[in-house]
There are 4 protein chains.
Amino acid sequence: MFVELDLQSEVPIYKQLADQLIEGIASGKLAAGQPLPSVRALAADLGINLHTVNKAYQTLKQEGFLEIHRKKGVIVQPGPLPAADEAFLARLRRDLRPLAAEASARGLNEQELTELMQTLYRSIQNPPPEGGSSL
Amino acid sequence: MFVELDLQSEVPIYKQLADQLIEGIASGKLAAGQPLPSVRALAADLGINLHTVNKAYQTLKQEGFLEIHRKKGVIVQPGPLPAADEAFLARLRRDLRPLAAEASARGLNEQELTELMQTLYRSIQNPPPEGGSSL
Amino acid sequence: MFVELDLQSEVPIYKQLADQLIEGIASGKLAAGQPLPSVRALAADLGINLHTVNKAYQTLKQEGFLEIHRKKGVIVQPGPLPAADEAFLARLRRDLRPLAAEASARGLNEQELTELMQTLYRSIQNPPPEGGSSL
Amino acid sequence: MFVELDLQSEVPIYKQLADQLIEGIASGKLAAGQPLPSVRALAADLGINLHTVNKAYQTLKQEGFLEIHRKKGVIVQPGPLPAADEAFLARLRRDLRPLAAEASARGLNEQELTELMQTLYRSIQNPPPEGGSSL
DNA sequence: GTGGTCTAGACCACG
DNA sequence: GTGGTCTAGACCACC
């Protein structure tokens, strides 16, 4: 698995994991319908508790990025991914706003900020190759 | 004060307050050297706990956006504001990354995302007029 | 067989199967004494595990909806079907209660709920024709 | 609290709890905006684990029946309750269907079933008085 | 083997 | 004191 966790971070582990799985989906490293490791296997792999993995999986299932089957385990949403609906855009604006504000207060101009965003966006969709392709 | 808090939000109140003060600085609504209400006054005004206001002030002082004097009280940083140093940029990227990833996964393309960012940035620097100018 | 399984449902497969067999009995699509496919045949037909079919059959035998003979195989109860005894009614109330409560909380009025129930009941006893009559 | 749990039931404890809270909301025993016991208090009261109570609360928050605040704790949704949208109706039909089918197979006729449903619905909206009014 | 549930005890952020 | 997170270990249903 390509996931890298910072156990010291203030960002909850389950969220780091969920974020990186979403990023894997966005980049195509995780293809639609692709099976993910079982909660136990991933927990062992990452050296964290099974419940923490489970919380990440449940969160993503809830949002529609994953499906969880009785026996097949966990797979990437095989159908259409959740859309950028108004609820998501509102959340996105809410989260982006303080970041943009602080960037502005610190003297980052509009172009610098949008270019940073572009660079990020592109590095997500076209990630630098690294070790194994998926898991 | 122009601050509007959502007491039901999952975002901590002290962070909402700190964020909006930074936004006020970014927009110019809070000018360099300008005095801010005392912890007590602002807490009473907003109907929140003293400690919450204090935590927001201390956080902003720590980051260099405010100065706190025994006698003069709290004022907006009169000198140069904190710069967009590498530490800030790293934090910015870390926080922006999962947002960009989810936006991408949900089908928002690069242009839509950057335009959303631009719109936000401009609305911060040039906020719609509303009520009293500052406090 | 008219059975349709949703392998991704949170409802256990064996229960989906048992439920649809009961529905077949309720509708008359499965007549008293009628033979059912062998465990192996049905499992192959539905593409599921032997044990899953077996569990559904055993459950229904236990409740009195099926009979399982060594030689004749599995047949629909040829005699009187299990009655709506107090044990069943208690279970029915227990399962219905939270559904009625949530419907009420969500603003569905008594008439809407009972009409929904009637529609369901009728569609079960008089199902829309579809493909082969039974198996 | 008016909640009664059956620790031996096959129905998960957290679901029993969530169901009874919804029923409390439907009946008016839990009024909009009313505070609920803290997870710890309710867990102690019911003799179950705090995480089990938390799961029930989180589920209901997710569905829009509760709000969870940092300090105020948990309150009943003060605004409009979730509506009986198509997603709910689909779930309702899916859950009701096997119950109606078995009732039919066991010889309960349409009137008996709908009357049972009505009786339940009314007993929820107008529950028999019992001990303390709320918590 | 899988995920689902429950318990237990701990630490932390928040207010 | 509140909920949020994490860990740990256990049992169960399902397949």
Side-chain angles (χ1 to χ4, degrees), chain A residues 5 7-17 35-43 46-59 61 66-75, chain B residues 5 7 9-17 43 46-56 59, chain C residues 5 7 9-17 43 46-56 59, chain D residues 5 7 9-17 35-44 46-59 61 66-75:
Chain A
L5 301 176
L7 301 183
Q8 311 307 320
S9 169
E10 61 185 352
V11 180
I13 297 176
Y14 85 91
K15 182 168 191 306
Q16 293 182 48
L17 176 52
L36 263 53
S38 75
V39 287
R40 283 175 176 78
L42 187 50
L46 298 175
I48 60 178
N49 191 281
L50 126 183
H51 291 114
T52 307
V53 175
N54 191 48
K55 182 161 186 176
Y57 277 177
Q58 290 295 336
T59 301
K61 168 196 169 191
L66 299 182
E67 279 188 1
I68 301 180
H69 296 70
R70 314 202 149 278
K71 185 174 186 179
K72 297 166 58 182
V74 183
I75 62 171
Chain B
L5 301 176
L7 299 181
S9 168
E10 61 186 357
V11 181
I13 296 176
Y14 86 91
K15 182 168 193 304
Q16 293 183 48
L17 177 52
L46 298 174
I48 60 179
N49 195 294
L50 283 179
H51 299 92
T52 308
V53 175
N54 192 52
K55 181 160 187 177
T59 301
Chain C
L5 300 176
L7 299 181
S9 168
E10 61 187 357
V11 180
I13 297 176
Y14 86 91
K15 182 168 192 306
Q16 292 183 49
L17 176 53
L46 298 175
I48 60 178
N49 194 294
L50 283 179
H51 299 92
T52 309
V53 175
N54 192 50
K55 180 158 186 177
T59 301
Chain D
L5 301 176
L7 301 183
S9 169
E10 60 185 352
V11 180
I13 297 177
Y14 85 91
K15 181 167 193 304
Q16 293 183 48
L17 176 52
L36 264 51
S38 74
V39 287
R40 282 175 176 78
L42 187 50
L46 298 175
I48 60 177
N49 191 281
L50 128 182
H51 291 114
T52 307
V53 174
N54 192 48
K55 182 161 186 177
Y57 278 177
Q58 291 295 335
T59 301
K61 167 195 170 192
L66 299 183
E67 280 188 359
I68 301 181
H69 296 70
R70 315 203 148 278
K71 185 175 186 179
K72 296 166 59 182
V74 182
I75 62 171

### Query
At their closest point, which heavy atom of D:P37 faces which heavy atom of D:A41, and how far apart are they?
CB-CB, 4.3 Å
### Where chain D begins and ends its contact with DNA chain F, read 5' to 3' at 4.0 Å from heavy atoms
F:dT2 to F:dC6
### Residues forming a side chain to side chain contact (heavy atoms under 4.5 Å, CB included) with B:V53, sequence neighbours excluded
B:L17, B:V39, B:L42, B:A43, B:I48, B:Y57
### Partners meeting side chain to side chain contact (heavy atoms under 4.5 Å, CB included) with A:E67 (sequence neighbours left out)
A:H69, A:I75, A:Q77, A:P78, C:Q8
### Comparing D:V74 and A:V11 on DNA chain F - which has the more 5′ nearest nucleotide
D:V74
### Query
When the nearest nucleotide of DNA chain E is assigned to D:K15 and to D:R40 on a heavy-atom basis, which residue is associated with the more 5' position?
D:K15
### Query
Of all residues at least two apart in sequence or in a different chain, which pass the salt bridge (Lys or Arg N to Asp or Glu O under 4.0 Å) check with C:K15?
C:D19
### Query
Is the shortest heavy-atom distance from the side chain of A:Q58 to the side chain of A:K61 under 4.5 Å?
yes
### Query
Closest heavy-atom contact between D:L50 and D:R40?
CD1-CG, 3.8 Å
### Query
Just checking D:Y57: base, sugar-phosphate only, or nothing, at a heavy-atom cut-off of under 4.0 Å?
nothing
### Query
Taking all atoms of both residues into account, what is the closest heavy-atom pair of D:T52 and D:Y14, and its distance?
O-CB, 3.7 Å
### Message
Using a 4.0 Å cut-off on heavy atoms, which residues in residues 47-56 of chain B reach DNA chain F? List them by number, or say none.
### Response
none
## Note on the structure
Nearest-nucleotide check on DNA chain F, D:K61 vs C:I13; residue mapping nearer the 5' end is D:K61
### Message
Give the dot-bracket line for DNA chain F from 5' end to 3' end: parentheses for intra-strand Watson-Crick or G-U pairs under 3.5 Å, square brackets for crossings, | for inter-strand pairing, dots for unpaired.
### Response
||||||||||||||.
### Query
Is D:Q58 touching bases, backbone alone, or none of the nucleic acid, heavy atoms closer than 4.0 Å?
sugar-phosphate
